[in-house]
Amino acid sequence: MRINIGGFLAKRAMMSPGMEGLYDVENDLRLTYPQFNARVNKTANFLAARGVKKGDRVALLMMNSSEFVESFLALAKLGAITVPLNWRLVPDELEFILKDSGSTTLIFGGDFQGNVDELHARGDKTDLSDWIFAGPPQHCPDYAQSYTALFEPASDTEPDYGAFEDDTLYIMYTSGTTGLPKGVVHSHATTYWAVATVSATADMRLGDRYLLSLPMFHVGALFPLVMAIHNGTSCVMQRSFDPVRTWQIIQDEKIDVALFVPAMLNFMLQAPEREQFDYSSLRWVQCGAAPVPDHLVLSYDELGIPVLQIFGQTESCGPACLVGLDKYREKLGSTGPAFFHTDVIIADEDGNEVPRGTPGELLIRSKHNMVEYWNRPDATASTLRNGWLWSGDIAIMDDDGYVFIQDRSKDMIISGGENIYPAEIEGVLLTHPKIREVAVIGQPSEKWGESPLAVVVKADPSLTAEEVLGYGEGKLSRFKLPKAVEFMDEIPRNPTGKVLKRILREDYPGPAPE
């Protein structure tokens, strides 16, 4: 069998005809795998009739929905390339990605018609020539075609597959926490190898029910969709994350496994309604995209829910390291060893492996690493070197091969010649009962070079800066203690939960108090 990611769905439909493949919660649409495959075929056939072919880039601007996953898998079958768009971006940012990727077709939901109207009014500033509206047909703008109207009469016969193995499957633009986003290119083969390594490592079972809560433009949702189809898992898909609704879905749908980011788990934990729901079906949840505070793991452990820290990147198609069910308590704070078909080392700036327990950059070697950055040979060459993906994350590895992420290399603070990892300070401050969220950045210091600043969201309005500054005493070395505190109503994050420290550094440029 040749590898076509869309073809996985046809194979699963044949092998598991009675299994539920997808439940779109928002639209209350339940599909068996054969029904799911039939809908994908209809989408593929109407797109082919509109001239979509191998190598064409088709952008998707939609909330999580059946139309999104149908479009992605249909494009995979045809050999076209999906460009998932971050729906929180403004028109200028969307225009950059559309132009950079050379997308010629845009499929968009009704939630984003205002932004798309503006893009359409800009004329030839993008390469778009076909606009498909995946919203209520009666609201379809005059410059677009209705997805529903195209879908309904289309044939559900299996189309000819247009791509295999090393052909490009999707271009996913990074969140741009440090500048303009770059398009990460993954093929059908790199995506398959990501599936293979997770399947050989994680406790995934035939018939599991998997909750998709992250946005589908994120690798943490798009990849698990493929993995679920491959492994015979039922996907339960939220339109968007809501903490109370998530607990409700876990109860009603008897969810077995899920993937969240730390901010999502934190919001779920703080929801007072949590106690009214039955979440006993959960076997584990994985958590990644940022270091997972110890207190979060321990709090969920008290609820009987193992939180397994996972490390990966868009560039690695998701997986790199995972801590298992047998070690998540013993190795608290670790993101585990490498996945089964993956190698990781901790290296110095020249790529030489450093001794165990020594901080360095985490490098990843696997067949699921990205092919390249789209049209960015310079960035590709600096990230993919001698078979290794340079992650940009600082980590240490213990004697058992377990990895402990310290921080992003760009977020590291150097104060008086000492390296300070903000995540360590954040983990301590988050145990304060009056602190809801915290992010630590470095501010320029004439005396020390840089000094830590704590940006805090209060859980209790009575919290003072003095309490924050004094809380780390005895818990952190003195040189790591924040020198100043700023309070915010909300810490800026990208849609995957990562703190936008670039924005915080712009908002609080310093200098630090001496």
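Because the structure is predicted, anything quoted here is derived from the model rather than measured.
- A salt bridge is absent between D56 and R50; no separation between the charged side-chain nitrogens and carboxylate oxygens falls under 4.0 Å.
- Of the listed residues (T168, V371, L169), just one forms a side chain to side chain contact (heavy atoms under 4.5 Å, CB included) with T190, and that residue is V371.
- In this structure, the separation between OG on S101 and CH2 on W374 is 8.0 Å, given to the nearest 0.5 Å.
- When atom types are taken as modelled, the side chain of H186 and the backbone of T314 share a donor-acceptor pair closer than 3.5 angstrom.
- Heavy-atom minimum distance, G220 versus L259: O-CD2, 3.2 Å.
- Annotation: side chain of I107 is in contact with side chain of L47 (closest heavy-atom distance under 4.5 Å).
- Between the side chain of D208 and the backbone N or O of Y210 there is no donor-acceptor pair closer than 3.5 Å.
- With rounding to the nearest 0.5 Å, the separation of OH in Y328 from CD in Q309 is 13.5 Å.
- The six-membered or imidazole ring of F46 lies near that of Y147, with a centre-to-centre distance under 6.0 Å.
- A donor-acceptor contact shorter than 3.5 Å is absent between the side chain of R376 and the backbone of K182.
- In K99, the NZ atom is crowded: over 12 heavy atoms of neighbouring residues, nucleotides or ligands sit closer than 6.0 Å.
- Panel note: side chain T233, backbone G207; no donor-acceptor pair is recorded below 3.5 Å.
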Q) So R122 and D92, salt bridge (Lys or Arg N to Asp or Glu O under 4.0 Å) or not? Walk me through it. A) CA-CA 10 Å; R122 297 182 182 190; D92 283 353; 2.9 Å; yes

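- Other residues, nucleotides and ligands contribute only 12 or fewer heavy atoms inside 6.0 Å of the CG atom of D160.
- Shown here for P215 and W87, the closest heavy-atom pair between the two residues is CB-NE1, 3.9 Å.
- Remark: side-chain polar atoms of Q286 are not paired, donor with acceptor, to backbone N or O of L308 under 3.5 angstrom.
- Checked by atom type, the side-chain pair Q238/T246 shows a donor-acceptor distance below 3.5 Å.
- Here the shortest heavy-atom pairing between A439 and K501 reads CB-CE, 4.4 Å.
- Residues A10 and K77 share a closest heavy-atom pair of CB-NZ, 4.2 Å.
- To the nearest 0.5 Å, atoms CD1 (I5) and CG (L75) are separated by 13.5 Å.
- Counting only distance, with no hydrogens or angles, the side chain of T174 and the backbone of P181 share no donor-acceptor pair below 3.5 Å.
- Nearest heavy atoms, A44 versus P159: CB-CG, 3.9 Å.
- Within the 3.5 Å criterion, the main-chain N or O of S240 finds no donor-acceptor partner in the side chain of N64.
- Not a single donor-acceptor pair under 3.5 Å links the side chain of T380 to the backbone N or O of E372.
- In F277, the CZ atom is crowded: over 12 heavy atoms of neighbouring residues, nucleotides or ligands sit closer than 6.0 Å.
- For the pair L85 and L98, the minimum side-chain heavy-atom distance is below 4.5 Å.
- Rounding to the nearest 0.5 Å gives a distance of 7.5 Å between CG of N41 and CG of L9.
- To the nearest 0.5 Å, atoms CD1 (I405) and OG (S391) are separated by 6.5 Å.
- Considering all non-hydrogen atoms of both residues, C321 and G336 come closest at CB-O, 3.7 Å.
- Around CD of E490, the count of heavy atoms belonging to other residues, nucleotides or ligands within 6.0 Å does not exceed 12.
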